[in-house]
Amino acid sequence: MLSASRSLALATALASAALLAGCGGSDDSAGNGRSAVAAFYPLAWVTDRVAGDGWEVTNLTGPGTEPHDLSLDIKQTATLAEADLIVLQHDFQPAVDETVETNAAEAEVVDAADAVELMPASEHEHEHDEAGHDHGDLDPHFWQDPLLMADLGDAVADRLVELDPDGAAAYDDNAAQLREELEALDQEYVDGLARCERTTTVVSHEAFSYLARYGLQFEAIAGLSPDAEPTPADLARLQRLITEDGITTVFSERLASSKMADSLAGDLDLETAVLDPVEGLSDETSDDDYLSLMGQNLDALRKANGCQ
């Protein structure tokens, strides 16, 4: 049933995209060759969808690069300095924050951390994250929630309208179409995770807490950053939890080492699978996009948790 609903949703999205190709979504009068720079993949995907064909959208974080680890070269710095619009998320990529403040202080900026309502980072996440990147008191991984991605789309549209009032109808239409597709994805998660044998899910790092509103509980080996190291006490607690809850799968992720997940799964003779944080694309996912990756994650979660 889920596969059929996803097929219907994707068919609807493709049909709508084709319709937009002949109207506002690809209206060359919107943008007229202006440039936007987005800090990493989810922000770039939303910006590209809302801006349409009249804008050139550059993703600062290239394929295969973990966005936390991004450092900017001279060319990227120049691209930021020359952009008409910058879409970033402060406190997630310090190199981007510093470069924008130094070299693009007068640029028009959409800050995702202001555009959407970020959830607090848990106390457990903070304990993990002391050894990794400091993201402050908030969990930055909002793009795991499709409805928050739709909110970002609306914020991008509002700023594009300010920059290019002549393209207002196109930007508003694009944002509305994007929201419709993201609301359909949200409903797939609601339906697909409504009846599961287990709700506790063990993942590599704390990148999936926004999915908790679908009834899941995520336990991370590392903290908010994929390079944070778990303590022996953390691993012992996870081993007890896995045994008590009958967990069958430990999730690793793309763009980061699977060593910790493989080790934990091997110790307990569990399966491993991939749950993509959707922070960026890789060679393996170069033909995918946000919607397809989120669909794959849903399938993986349903299998691991025995969902009907």
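- Defined by atom type and a distance below 3.5 Å, a donor-acceptor pair is missing between the side-chain atoms of S252 and D262.
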Problem - Derivation and outcome, side chain to side chain contact (heavy atoms under 4.5 Å, CB included), residues N59 and D48 - result: CA-CA 10 Å; N59 179 5; D48 187 59; over 6 Å; no
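- For the 3.5 Å distance criterion, the side chains of Q177 and E181 qualify, holding a donor opposite an acceptor.
- Of the possible polar contacts, none joining the N305 side chain to the C307 backbone as a donor-acceptor pair under 3.5 Å is found.
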Problem - Working for side chain to side chain contact (heavy atoms under 4.5 Å, CB included), residues I242 and E219 - result: CA-CA 10 Å; I242 288 169; E219 295 288 342; over 6 Å; no
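- Note on ring orientation: taking the six-membered ring where Trp is involved, the planes of H205 and H68 are perpendicular (angle over 60°, cut-offs 30° and 60°).
- A donor-acceptor pair under 3.5 Å is formed between the side chain of T61 and the backbone N or O of A39.
- When all heavy atoms of Q76 and L60 are compared, the pair lying nearest together is NE2-O, 2.9 Å.
- Under a hydrophobic-cluster definition in which Ile, Leu, Val, Met, Phe, Trp and Tyr are linked whenever side-chain heavy atoms come within less than 4.5 Å, directly or via other members, L70 and L281 are assigned to different clusters.
- At a cut-off of 3.5 Å, with distance as the only test, no side-chain donor of T99 or N103 sits close to an acceptor on the other residue.
- Residues L43 and V109 are members of separate hydrophobic clusters, defined by side-chain heavy-atom contacts under 4.5 angstrom among Ile, Leu, Val, Met, Phe, Trp and Tyr.
- The line from OH of Y214 to CD of E188 is 10.0 Å long, rounded to the nearest 0.5 Å.
- The structure places CD of E279 at 12.0 Å from CG of L293, a figure rounded to the nearest 0.5 Å.
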Practice task
Evaluate side chain to side chain contact (heavy atoms under 4.5 Å, CB included) for D186 paired with R213, printing each intermediate quantity in order.
Solution key: CA-CA 11 Å; D186 170 66; R213 72 179 183 82; 2.6 Å; yes
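- When all heavy atoms of D276 and F208 are compared, the closest pair comes out as O-CE2, 3.7 Å.
- Using a distance-only test at 3.5 Å, with no hydrogens or angles considered, no donor-acceptor pair links the side chain of S263 to the main chain of M260.
- Under the 3.5 Å distance criterion, the side-chain polar atoms of R34 are matched with a main-chain donor or acceptor of L163.
- Looking only at side-chain heavy atoms (C-beta outward), L255 and S282 come within less than 4.5 Å of each other.
- Between the side chain of Y189 and the backbone N or O of M294, at least one donor-acceptor pair lies under 3.5 Å.
- Side-chain atoms of L298 and L193, non-hydrogen and from C-beta on, do get closer than 4.5 Å to each other.
- The shortest non-hydrogen separation linking K259 to S257 is N-OG, 3.1 Å.
- The cluster map of Ile, Leu, Val, Met, Phe, Trp and Tyr, joined by side-chain heavy atoms under 4.5 Å apart, puts L178 and V161 in the same cluster.
- A salt bridge does not link D245 to R198: none of the charged side-chain nitrogens sits closer than 4.0 Å to a carboxylate oxygen.
- Annotation: side chain of Q93 is not in contact with side chain of L88 (no heavy-atom distance under 4.5 Å).
- Looking at Y41, its side chain does come within 3.5 Å of a backbone N or O of Y290 through a donor-acceptor pair.
- The distance from atom CZ of R240 to atom CZ of R237, rounded to the nearest 0.5 Å, is 8.0 Å.
- A side-chain N or O of T231 and one of D234 form a donor-acceptor pair less than 3.5 Å apart.
- In this structure, Q239 contributes its side chain and L268 its backbone to no donor-acceptor pair below 3.5 Å.
- Cluster membership check: V37 does not share its hydrophobic cluster with W45, using side-chain heavy-atom separations under 4.5 Å among Ile, Leu, Val, Met, Phe, Trp and Tyr.
- Scanning all heavy atoms of the two residues, the minimum distance from D164 to Y171 falls at OD2-OH, 2.6 Å.
- Minimum interatomic distance between A115 and D151 (heavy atoms only, all atoms of both residues): O-CB, 4.3 Å.
- Between the side chain of D84 and the backbone N or O of A36 there is no donor-acceptor pair closer than 3.5 Å.
- Side-chain polar atoms of T285 and Q296 form no donor-acceptor pair below 3.5 angstrom.
- Residues V50 and V110 fall within the same hydrophobic cluster, defined by Ile, Leu, Val, Met, Phe, Trp and Tyr side chains chained together at heavy-atom separations under 4.5 Å.
- Residue E117 qualifies as open at atom CD: its count of foreign heavy atoms under 6.0 Å is 12 or below.
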Exercise for the section: Show your reasoning for whether side chain to side chain contact (heavy atoms under 4.5 Å, CB included) applies to L80 and L72. Expected result: CA-CA 10 Å; L80 275 172; L72 302 180; 3.7 Å; yes
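- Judged by distance alone, with hydrogens and angles left aside, the side-chain atoms of D139 form no donor-acceptor pair with the main-chain N or O of A121 at under 3.5 Å.
- Within a 6.0 Å sphere centred on CG of D73, other residues, nucleotides and ligands contribute more than 12 heavy atoms.
- Using cut-offs of 30° and 60° for the angle between ring planes, the F40 and W143 rings count as perpendicular.
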